[in-house]
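Each residue takes its place number in the sequence, starting with 1. What you see is a predicted model; the values in this text were computed from it and never measured.
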Amino acid sequence: MKMNSILETGAADCHPASVPDYTPVAELRKLQLQRLQAVVTRAWQQVKPFRARMDELGLKPEEIRSLDDIVRLPFTVKCDLRDNYPFGLFASPMKDVVRLHASSGTTGKPIVVAYTREDVDVWTSVLVRALAGCGLHRGDIIQVAYGYGLFTGGLGAHYGAEGLGAAVVPTSGGHADRQIMLMKDFGVTAMCCTPTYFLHLIDRAAELGVNMKDLPLRAGVFGAEPWTESIRQHIEAQSSIEAFDIYGLSEIIGPGVGCECRRHQGLHIFEDHFYPEIVDSETGEPLPDGMEGELVLTTLSKQAMPMIRYRTRDITTILPGQCECGRTLRRIDRIGRRSDDMLIIRGVNVFPSQVETALLQIEGTLPHYQILLTREQGLDQMEVQVEITPQMFNDKIGAMQGLHKSLQDALDRVLGIRVRVALVEANTIARSEGKAKRVIDRRTS
Ligand code: DLL
């Protein structure tokens, strides 16, 4: 049966922004090419490091004549953001920038991203389309429990939900009991947060004697970290909501690069703004649809900080064929893993190398450390076990406490989340014969 897809999502009566989701493919490709040519020209004119890389390849923007030519363009990697910290990749003058966000880099400094007014509008519009695709609309009460601040989750979802015309409850993360009280008292109909935080809320609600199934909550828009079909089933069984996967990353825009529709058969990429490719993560060679590899994204309309062929390090597949929902936007499979060592702890990105950076700042520790990840009541916990020098170990208890505090402070500062610190005697952390095994992950999915 052919359904009227726009009506089916409830989008037609809430926001015209969902219409681009159904653009005929040929028209969409034409638009993408025009935008690709414009963004490459803009980056070439305004962003010195990009221009230098194009020059090295002997490539000029006008040589990008078709979408297939995208493979001729140089990649951008996370390191480029670090090397040009903070503003070296901006294509707009600061007078046109209206927002800055930041995400973890691989060492002590974050990576910085910028938005012009138009960028914020595009970001809002893709989130409106994402939320409309989840069946949400004006009249819904949407609680945003992603963190507000430098992290893109909170404000991104907030603008999207408001743009949709819904009533937003901007709780940000934490304070589970209050989250549950507001969900109940306000009659919240949709929740935006990380999937593990929602698992935690389910457990906590049960302890408080609140049955999630009795709440008017009908949708959850979960992302910022990998999750699985079994987590979806658990969430849906415990709370009778429909759980949606939403994907994004700060470098590209934040949440809203892609999102599931009600068919739950992959995440539609908002392709009129973000061009997806899959490449072999070792060689960088493009891979055909249906093959698993690293997702590479190009921003087609970003003004303040265009990203050309950004290596996301996220491993997925572009799903062949069109979705039954009628959207012409291509879909990616859910992201289960990354090709680098980035960890996501309670939605916050953490690189083991950041832990090293923090430890190096503190005297009395040895370069042997281990990260232990566990899940307690649905929430990720991270413990950093650090070997300390024999002198320190034999010293008075006061010195150990002082060291513990300095380490805790340094880790809090560098990582931006609270982790546990355990001081251990020299030579107690297992040595590896090859690459050091820094991370022991005891979280189960
Ligand atoms: O996590 C943006 C976001 C906020 C997405 C809220 C969805 C919801 P970053 O902090 O820059 O941005 O982290 C981006 O998180 O490269 C993935 O590795 C991971 N990630 C994000 N969404 C998903 C998802 C935000 N749905 C990094 N599934 C990305 C799996 C995800 N991993």
What's the verdict on side chain to side chain contact (heavy atoms under 4.5 Å, CB included) for Arg327 and Gln322, showing C-alpha distance, side-chain angles and the deciding distance? CA-CA 7 Å; Arg327 284 179 181 74; Gln322 207 172 307; over 6 Å; no
Verdict with supporting geometry, Met191 and Leu201, side chain to side chain contact (heavy atoms under 4.5 Å, CB included): CA-CA 11 Å; Met191 193 73 189; Leu201 292 179; 3.7 Å; yes
Evaluation steps, side chain to side chain contact (heavy atoms under 4.5 Å, CB included), between Glu363 and Thr389: CA-CA 9 Å; Glu363 255 181 62; Thr389 56; over 6 Å; no
Is there a salt bridge (Lys or Arg N to Asp or Glu O under 4.0 Å) between Asp272 and Arg129 once you walk through the steps? CA-CA 12 Å; Asp272 42 337; Arg129 289 159 65 184; 2.9 Å; yes
What verdict does the side chain to side chain contact (heavy atoms under 4.5 Å, CB included) test give for Val419 and Ile417, after you've listed the backbone C-alpha separation in whole Å, the side-chain angles of each residue and the deciding distance to 0.1 Å? CA-CA 6 Å; Val419 299; Ile417 50 161; 4.0 Å; yes
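A donor and an acceptor atom, one from each side chain of Tyr369 and Glu356, are located under 3.5 Å apart. Between the side chains of His264 and Glu242, at least one donor-acceptor pair of N or O atoms lies under 3.5 Å. Counting only N and O atoms by type, the side chains of Arg35 and Thr298 include no donor and acceptor under 3.5 Å apart. Side-chain atoms of Gln32 and Tyr275 form no donor-acceptor pair, as typed in the model, at a separation below 3.5 Å. A donor-acceptor contact closer than 3.5 angstrom links the side chains of Thr171 and Gln179. Side chains of Gln45 and Arg42: no donor on one and acceptor on the other come within 3.5 Å.
Counting only distance, with no hydrogens or angles, the side chain of Glu277 and the backbone of Leu295 share no donor-acceptor pair below 3.5 Å. Not one N or O on the side chain of Lys302 forms a donor-acceptor pair closer than 3.5 Å with the backbone of Asp119. Judged purely by atom type and a 3.5 angstrom limit, Asp140 has no side-chain atom pairing as donor or acceptor with the backbone of Ile142. Judged purely by atom type and a 3.5 angstrom limit, Asp280 has no side-chain atom pairing as donor or acceptor with the backbone of Pro286. Side-chain atoms of Tyr197 come within 3.5 Å of backbone atoms of Gly174 as a donor-acceptor pair (strictly under, hydrogens ignored). Formation of a donor-acceptor pair under 3.5 Å by the Asn84 side chain with backbone atoms of Leu81 is not found in this model. For the pair Thr328 (side chain) and Asp21 (backbone), a donor-acceptor distance under 3.5 Å is present. Listed for the Glu387 side chain is a donor-acceptor partner under 3.5 Å among the backbone atoms of Asn427. In this structure, Thr299 contributes its side chain and Phe274 its backbone to no donor-acceptor pair below 3.5 Å. With hydrogens and angles disregarded, a donor-acceptor distance shorter than 3.5 Å links the side chain of Thr76 to the backbone of Ile308.
Annotation: side chain of Met382 is not in contact with side chain of Arg420 (no heavy-atom distance under 4.5 Å). Side-chain contact between Leu127 and Ile246 is present, with heavy atoms from C-beta onward closer than 4.5 Å. A heavy-atom distance below 4.5 Å is not found between the side chains of Ile344 and Val348. You'll find the side chain of Leu372 stays beyond 4.5 Å of the side chain of Gln381, heavy atoms only. Counting heavy atoms from C-beta outward, Arg330 and Pro276 have side chains that approach closer than 4.5 Å. Between Leu343 and Asn349 the shortest side-chain heavy-atom distance does not fall below 4.5 Å. Side-chain contact between Asp80 and Phe50 is absent, with no heavy atoms from C-beta onward closer than 4.5 Å. Taking 4.5 Å as the limit, some side-chain heavy atom of Leu136 sits within range of a side-chain heavy atom of Val221.
Smallest separation of non-hydrogen atoms from Val122 and Ser301: CG1-OG, 4.1 Å. For the residue pair Asp333 and Leu319, the shortest heavy atom distance occurs at N-CG, 4.0 Å. Of all heavy-atom pairs spanning Glu260 and Phe244, the tightest one is OE1-CA, 3.5 Å. Closest approach of Tyr310 and Glu251 over heavy atoms only: OH-OE2, 2.7 Å. Taking both residues in full, the closest heavy atoms of Gly321 and Arg331 are given as O-NH2, 3.2 Å, listed atom of the first, atom of the second, then distance. Residues Ile64 and Asp69 share a closest heavy-atom pair of CD1-O, 3.6 Å.
Annotation: Phe351, atom CZ; neighbour count of heavy atoms from other residues, nucleotides and ligands within 6.0 Å is above 12. For Glu376, the CD atom sits in a packed shell: over 12 heavy atoms of surrounding residues, nucleotides or ligands are nearer than 6.0 Å. The neighbour count for Glu62 CD, taken as heavy atoms of other residues, nucleotides or ligands under 6.0 Å away, is above 12.
Trp123 has its ring centre less than 6.0 Å from the ring centre of Tyr115. The ring of His158 has its center closer than 6.0 angstrom to the ring center of Tyr148.
Pairs of residues two or more places apart, or lying in two chains, that qualify as salt bridge (Lys or Arg N to Asp or Glu O under 4.0 Å) and include a residue from residues 220-229 are Glu229-Arg232, Glu229-Arg334. A salt bridge (Lys or Arg N to Asp or Glu O under 4.0 Å) check over residues 94-116, counting only residues at least two apart or in different chains, returns nothing.
Summarising the geometry, atom OG belonging to Ser281 is positioned 4.5 Å from atom CD1 belonging to Ile315; distances are rounded to the nearest 0.5 Å. Atom OG1 of residue Thr316 and atom CG of residue Leu267 lie 8.0 Å apart, to the nearest 0.5 angstrom. Note that the CD atom of Gln303 and the OG atom of Ser92 stand 6.0 Å from one another [nearest 0.5 Å]. To the nearest 0.5 Å, the span separating CG on Leu164 from CG on Leu131 amounts to 6.0 Å. Interatomic distance, Thr41 OG1 to Lys60 NZ, rounded to the nearest 0.5 Å: 12.0 Å. Put simply, CZ on Arg262 and SG on Cys134 are 9.0 Å apart, with the number rounded to the nearest 0.5 Å.
In this pair, Phe222 and Phe198 present their aromatic rings tilted. The plane angle is within the 30 to 60° band.
Just one of Leu411, Asp412, Ile345 meets the side chain to side chain contact (heavy atoms under 4.5 Å, CB included) condition when paired with Arg418; it is Asp412.
With sequence neighbours excluded, the residues that form a salt bridge (Lys or Arg N to Asp or Glu O under 4.0 Å) with Asp409 are Lys405.
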